[in-house]
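What you see is a predicted model; the values in this text were computed from it and never measured. Residue numbers start at 1 and run along the sequence shown. As the structure lists them, so they are numbered: ligands from 1, and atoms in each ligand from 1.
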Amino acid sequence: MRLTTSLESVKGVGEKTAEQFAAANLHTVGDLLYFFPRKHEDFSEVTPIGDITPGKRTIKARCESISTRHVRRGMAITTATLADESGKLQAVWFNQAYRTAQFKDPKQEFYFSGEFEFSYNRHQLTNPSAEKVSDMPVQTDRLLPIYPAIKGLKSQLVRKILSELRPLMTMLPDPLPEDIVRTNQLASINDALLGMHFPTNTSEINIARQRLGFDELFYLVLAAQLNKQANAKLEGWHIPFEQTTVQTFVKVLPFELTPAQKQAAWDILQDFEKETPMNRLLQGDVGAGKTVVAGLAARQAASHGFQSAILAPTEILASQHAETLSRLLTPFNVSVALLTGSVKSKARVELLAALKRGDIDIIVGTHALLQPPVQFHKLGFVVIDEQHRFGVEQRQKLLEKSERMPHLLAMTATPIPRSLALTLYGELDVSIIKQKPKNRQPIQTKIWAPTSRKALYETIDSEIATGRQVYIVCKLIDNNPMNDTKSVELEYRNLKNSVFSHRRIGLLHGRMKPAEKESVMKDFAEGKLDILVSTTVVEVGVDVPNATVMLIEDADQYGLSQLHQLRGRVGRSEHKSYCYLLTSDSKKPSQRLREVEKSNDGFYLAEVDLKLRGPGEIYGRAQHGELNLQIASLADAELIVKASKAAQDFIASGASLLQYKELAKQVEYYQRVTTLN
Ligand code: ADP
Ligand code: MG
């Protein structure tokens with residue numbers, strides 16, 4: 001048996017099981033060996049119910065009775081009486097109604113593991129996890145690996161199949177060069193795999209995680225470095241720098257560029273002159289003014305007969321960019337066009353022909369730009385706005401539309417923490433716009449409990465009275481009777497018919513027709529609406545400087561960086577702006593919300609986000625899902641440094657990947673996911 005052996009040939013895997021594995025992207029024995037537990041549940045210390053004290057506890061008990069009731073805001077509360085020989089206690093689960101069926105057999109014994117605490121006036125075990133005692137493997141000291149769910153497969157079966165593979169784990173050759181394992185004091189790959197799948201104590205798990213996390217980061221850095229080398233060998237378009245083109249452009253701007261914008265533009269124009277294609281990431285917090293920098297560069301390209309393509313993640317954003325750029329560039333005879341899915345067939349045919357003839361200098365669009373009929377005359381410059389929204393393959397498609405590799409600028413407002421930027425994007429050059437334009441005042445952020453809703457609406461109304469505009473963001477499109485989370489449609493009607501009946505209100509969500517979306521967005525941008533009730537479709541990029549209030553309903557249901565992105569829709573002019581985070585209940589706000597309330601700094605928040613998620617998500621997929629890190633925590637700066645150094649030493653030593661077959665395969669995989677071209 002080898003890593004490449006198909007799972008179907010493993011004992012215990014039938015055709016059906018193999019299909020279920022395949023649906024989870026697990027095809028070979030190697031895939032399964034590297035399919036790691038989400039976490040390990042420690043059932044080693046069982047407390048008799050009679051002796052239980054508050055804290056994280058495991059009990060071995062039967063479920064005597066269980067019932068679920070549905071309460072306000074669609075919450076389901078399941079309570080059960082659990083019993084062993086020494087006593088009884090109450091367990092409670094929130095929104096896990098399926099537990100009722102799971103524990104319906106009063107004779108079945110389970111391990112329950114959770115926090116035993118005093119709440120709602122009694123002691124109870126809160127949201128315990130549970131495993132059938134009869135399912136527990138015998139030899140693991142009850143340190144049970146919990147695998148990510150695979151549709152249709154019992155976790156018990158996954159464990160059983162892995163135990164078939166155990167002998168292979170013990171003799172697998174190490175993919176890393178021996179001296180790297182030695183100098184970095186890493187566990188062998190064999191111990192690491194056994195430690196993940198069959199740990200006998202927690203220290204084995206930690207050692208395994210160190211080793212496997214190191215591997216992931218090592219591959220990643222090595223791949224990024226190799227990409228950089230490969231990129232340096234490509235021939236790009238030479239686009240000469242011309243001072244006058246820049247000067248005339250800067251002159252017509254309604255504002256002065258910030259020093260950071262000038263620097264970024266300078267970086268790009270310098271890259272345009274080089275022999276090799278640019279590969280640059282333009283990072284700048286929301287509202288920092290990235291679009292105009294891209295516009296300046298596109299103008300330079302156009303003046304030398306090169307076309308530019310600007311790829312945006314949503315139609316709203318694409319049409320906004322097209323509008324901004326044509327306003328800025330039409331005076332210079334630079335033609336700008338918009339291509340989205342909603343451009344109708346006849347207009348589309350004409351547009352595509354013009355593009356191919358070279359009559360269009362800049363084309364802005366959504367995914368529609370990636371389709372095969374879209375052909376260029378001479379594509380010299382590609383801008384990808386909010387780059388993380390596009391997959392690698394999609395970017396590749398666009399880049400293939402040019403004879404030579406075009407210059408590439410990826411713009412993102414997702415501040416990648418400094419500690420990571422180098423590792424994740426080691427192949428890229430990075431420009432950072434740190435300062436915001438001078439005219440900005442800091443956004444004032446405040447958490448509100450739902451009980452203060454009335455006062456909040458009054459505050460908002462007086463802001464509208466001064467001529468400003470307001471976003472109200474809700475999580476859902478439709479109203480779900482089982483759920484109290486605000487839906488845009490309902491909220492829109494409510495507000496329109498009550499508190500804000502005297503104001504002009506618009507509705508925006510992703511399921512509306514593109515033309516409807518565009519017209520609402522246009523009305524809002526032109527000040528014809530006071531309030532825009534929207535889903536998170538406004539999250540990326542939308543720019544309406546007169547909007548100064550962002551109200552986020554059910555704010556506790558969003559991630560930290562998403563809140564920061566949404567907040568970035570306001571604070572885009574000289575007017576003072578406000579962000580109100582409405583919580584869905586009156587409980588103490590989470591640390592996440594408090595951090596957003598405290599800080600306006602996207603970089604700081606990104607670091608906090610990493611730390612907050614860190615421990616909780618230790619076993620989860622890293623947030624940069626595309627990178628496919630299973631184990632390595634991006635918060636582990638020490639390991640990142642160690643792995644980077646090893647990768648650099650490896651390259652410097654002149655070692656050839658050809659010698660290390662398994663390593664080469666891994667690196668090749670990471671090369672595909674990390675490259676932008
Ligand atoms: P982002 O970096 O989030 O993409 P945008 O490019 O949308 O930001 O710019 C945000 C707003 O700031 C726009 O209305 C833009 O016209 C304006 N802006 C850009 N640069 C400056 C500047 N130097 N001074 C004043 N306003 C600026
Ligand atoms: Mg933008």
Option nearest atom 11 (C) of ligand 1 (shortest heavy-atom distance, choices Arg440, His321, Lys290): Arg440

Pair Gln247-Thr244, side-chain donor/acceptor within less than 3.5 Å: no

Residue Glu256 vicinity, atoms of ligand 1 by number, heavy atom under 4.0 Å: 22 (C), 23 (N), 24 (N)

Greater than 12 external heavy atoms within 6.0 Å of Lys522's NZ: no

Over 12 foreign heavy atoms within 6.0 Å of CD, Glu526: yes

Which of the ligand 1 atoms, numbered from 1, are nearer than 4.0 Å to a heavy atom of Thr291: 4 (O), 5 (P), 6 (O), 7 (O)

Gap between atom CG of Leu338 and atom CG of Leu325 - 0.5 Å precision: 11.0 Å

Whether Ala288 lies under 4.0 Å from ligand 1, heavy atom: yes

Per-residue contact class, Lys436 against ligand 1 - non-hydrogen pairs under 4.0 Å: neither

Any side-chain donor near an acceptor of the partner, Gln375 and Lys356, under 3.5 Å: yes

Asn439 N/O under 3.5 Å from ligand 1 N/O: no

Polar side-chain atom of Gln320 near backbone of Asp543 as donor-acceptor pair, under 3.5 Å: yes

Which segment of Gln261 sits under 4.0 Å of ligand 1 when only heavy atoms are counted: side chain

Check: Gly289 N/O within less than 3.5 Å of ligand 1 N/O: yes

Thr258 neighbourhood, listing ligand 1 atoms whose heavy-atom distance to it stays under 4.0 Å: 23 (N)

Show me the side-chain donor-acceptor pairs of residues 438-449 shorter than 3.5 Å, one per line, residues at least two apart or across chains.
| unit_1 | atom_1 | unit_2 | atom_2 | d |
| --- | --- | --- | --- | --- |
| Arg440 | NH1 | Gly287 | O | 2.8 |
| Gln441 | NE2 | Glu574 | O | 2.9 |
| Thr445 | OG1 | Arg567 | NH1 | 2.8 |

Per-atom contacts, ligand 1 versus Pro545 - under 4.0 Å to a heavy atom: 14 (O)

Backbone or side-chain N or O of Leu257 under 3.5 Å from ligand 1 N or O: no

Flag, side chain of Gln300 to backbone of Phe241, donor-acceptor distance under 3.5 Å: no

